[in-house]
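Every heavy atom of this structure was used, including side-chain atoms; hydrogens, water molecules and symmetry mates were not. First listed ligand is number 1; within each ligand, the first listed atom is number 1.
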Amino acid sequence: MTLSNLKMSRRIRRTPFTDKVEWHGVTGFTVVNHTLLPKSFQNTVEEDYWHLRDKVQIWDVGCQRQVQISGPDAKKLVQWITPRDLTRAIPGKCLYVPLITEDAGFINDPVLLKLSESKYWLSIADSDVLLWVRGLALGAKLKVEIIEPDVWPLAIQGPKAVHVMAEVFGSRVRDIKFFNFDWFDFEDSKQLIARSGYSKQGGFEIYLQGSKYGSRLWEKIFEAGIKYDIRPGSPNIIERIEAGLLSYGNEMTIQDNPLECGLDKYCDLSDQIEYIGKKKLHSIAKNGLTKRIRGVRFTGKPMAACSIPWPVMSKATNKTIGKITSGIYSPRLKMNIGLSMIQKDHWDPGTKVLVQTEHGKVINGEICSLPF
Ligand code: THG
């Protein structure tokens, strides 16, 4: 299958797995970090959803690009860019870290991997973190090297992922704890494998180092997975919304802060550490929020995925009080569900609302807490 809509060029980067994804008959891509992310294969998003909950899938998430920060000032720089307290972080740990501006606006929400005291990878969502941190390092005259290394995550997700991974890398993969990583042999290389991924169905991410191994790594895993009914897939929008996993650029942008996104537990407000945006974040915490991320569930026919934000109105006043930024029908909950930023005075669970979809309908709904 070739691409019909997206006109390719060098600016839209392939990953070491794109050849395999095309071989499997990918039917659509999106672009994240200027890199292809497969979105669909032959099955519907609902079929993929049930399969992910029951079996195992292999996802080309090479678009989760790495920003590598190393050198004598690496530790200082990494702590400076996030409100999360990294004082006790040890090598072998993955940490979900909000990155914010001096105004506490969201820059990105990467997974941080601490490789050593002086070497880190930021596994980024969709924004140009490399430029931000290189600018900071230059301005502050820090002794660091900041590059995008030849590292490309490949996710193995679903309840059967652990069996497939054990066949390829040995049973030691079973010992990796959630949000930890360890090193494993692949051919003549050492590869980092983490227990993580953009789903709540369990699984692993292999941070493939060395593009040349890409096709063979994919083939090895796929072959081992056949008896577990492995399929090529991609982050599933139904599963992600149900789980309340946020997507940078969709649920939040530089206009939002991590407290509004419900990420308080990743923000240190104790004044023990220094970071960009600290003063502003403290003042926001003190003065209270004006909007928050919430779930919205709404009735009516099964909705196709939201591709532009859907306004949410108060049922009492008909005024717009927020927007659904990712929404779709959940076949398990048997209702439409959405992630939304909702204004103060309207965000209490149970608040009755109206949802204006891009399909021209106005539908009754209700605010709820997350996850669904
Ligand atoms: N994996 C890797 N890189 C990534 C993502 C990923 N970069 C972009 C994007 N996804 C970043 N966003 C998230 C959002 C949530 C989680 C991971 C990345 C996540 N959160 C867990 C949770 O919410 O339960 C745990 C967080 C924690 O305990 O620290 O998994 O998926 N490599």
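A side-chain donor from one of Arg240 and Ser326 sits under 3.5 Å from a side-chain acceptor of the other. Under 3.5 Å, the side chains of Asn364 and Thr299 contain no donor-acceptor pair of N or O atoms.
Under a 4.0 Å criterion applied to the non-hydrogen atoms of Gly197, ligand 1 contributes the atoms 30 (O), 31 (O). The contact set between ligand 1 and Glu205, taken as ligand atoms under 4.0 Å from a residue heavy atom, comprises 1 (N), 2 (C), 6 (C), 31 (O), 32 (N). Atoms of ligand 1 found under 4.0 Å from any heavy atom of Asp109 (numbered from 1 in listed order, with element): 11 (C), 12 (N). If you number the atoms of ligand 1 from 1 as listed, the ones under 4.0 Å from a heavy atom of Arg84 come out as 29 (O). Close contacts between ligand 1 and Val111 involve ligand atoms 2 (C), 3 (N), 17 (C), 18 (C) [criterion: under 4.0 Å to a heavy atom]. Atoms of ligand 1 lying under 4.0 Å from any heavy atom of Ile124, numbered from 1 in the order shown and given with element: 7 (N), 8 (C). Here is the list of ligand 1 atoms found below 4.0 Å of a heavy atom in Leu245: 15 (C), 23 (O). Within ligand 1, counting atoms from 1 as listed, the ones closer than 4.0 Å to a heavy atom of Tyr207 are 2 (C), 32 (N).
Proximity of Lys93 to ligand 1 is not established, as no heavy-atom distance is less than 4.0 Å.
Between Cys63, Ala125, Pro98, it is Ala125 that holds the heavy atom closest to atom 8 (C) of ligand 1. The closest non-hydrogen atom to atom 2 (C) of ligand 1, taken over Lys265, Gln157, Gln64, Gln66, comes from Gln64. Evaluated by nearest non-hydrogen atom to atom 22 (C) of ligand 1, the leading choice among Lys200, Arg65, Arg240 is Lys200. Nearest to atom 28 (O) of ligand 1 by heavy atom, out of Tyr248, Tyr266, Tyr96, is Tyr266.
Ion pair Glu167/Lys227 flagged as a salt bridge, since at least one NZ, NE, NH1 or NH2 atom sits closer than 4.0 Å to an Asp/Glu carboxylate oxygen. Salt bridge present: Asp271 and Lys278 bring a charged side-chain N and a carboxylate O closer than 4.0 Å. Residues Glu148 and Arg13 are paired through a salt bridge, judged by an N-O separation under 4.0 Å between the basic side chain and the carboxylate. Salt-bridge annotation for Lys200 and Glu239: absent, with no side-chain N of the basic residue lying under 4.0 Å from a carboxylate O of the acidic one.
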Would you sort out whether Trp218 and Val21 count as a side-chain contact (heavy atoms from CB on, under 4.5 Å), showing the intermediate values? CA-CA 9 Å; Trp218 179 291; Val21 160; 3.8 Å; yes
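Test Val312, Ile363, Asn318 against Leu354 for side-chain contact (heavy atoms from CB on, under 4.5 Å) and you get one pass: Asn318.
The single protein non-hydrogen atom nearest to atom 19 (C) of ligand 1 is Phe179 CZ, 3.9 Å, given as residue, atom name and distance. Of the protein's non-hydrogen atoms, the one nearest atom 7 (N) of ligand 1 is Ser123 O, 3.0 Å.
Ring pair Tyr266/Tyr96 is perpendicular by interplanar angle, where above 60° counts as perpendicular and below 30° as parallel.
A cation-pi arrangement is present between Arg172 and Phe184 under the rule of less than 6.0 angstrom and at most 45 degrees off the ring axis.
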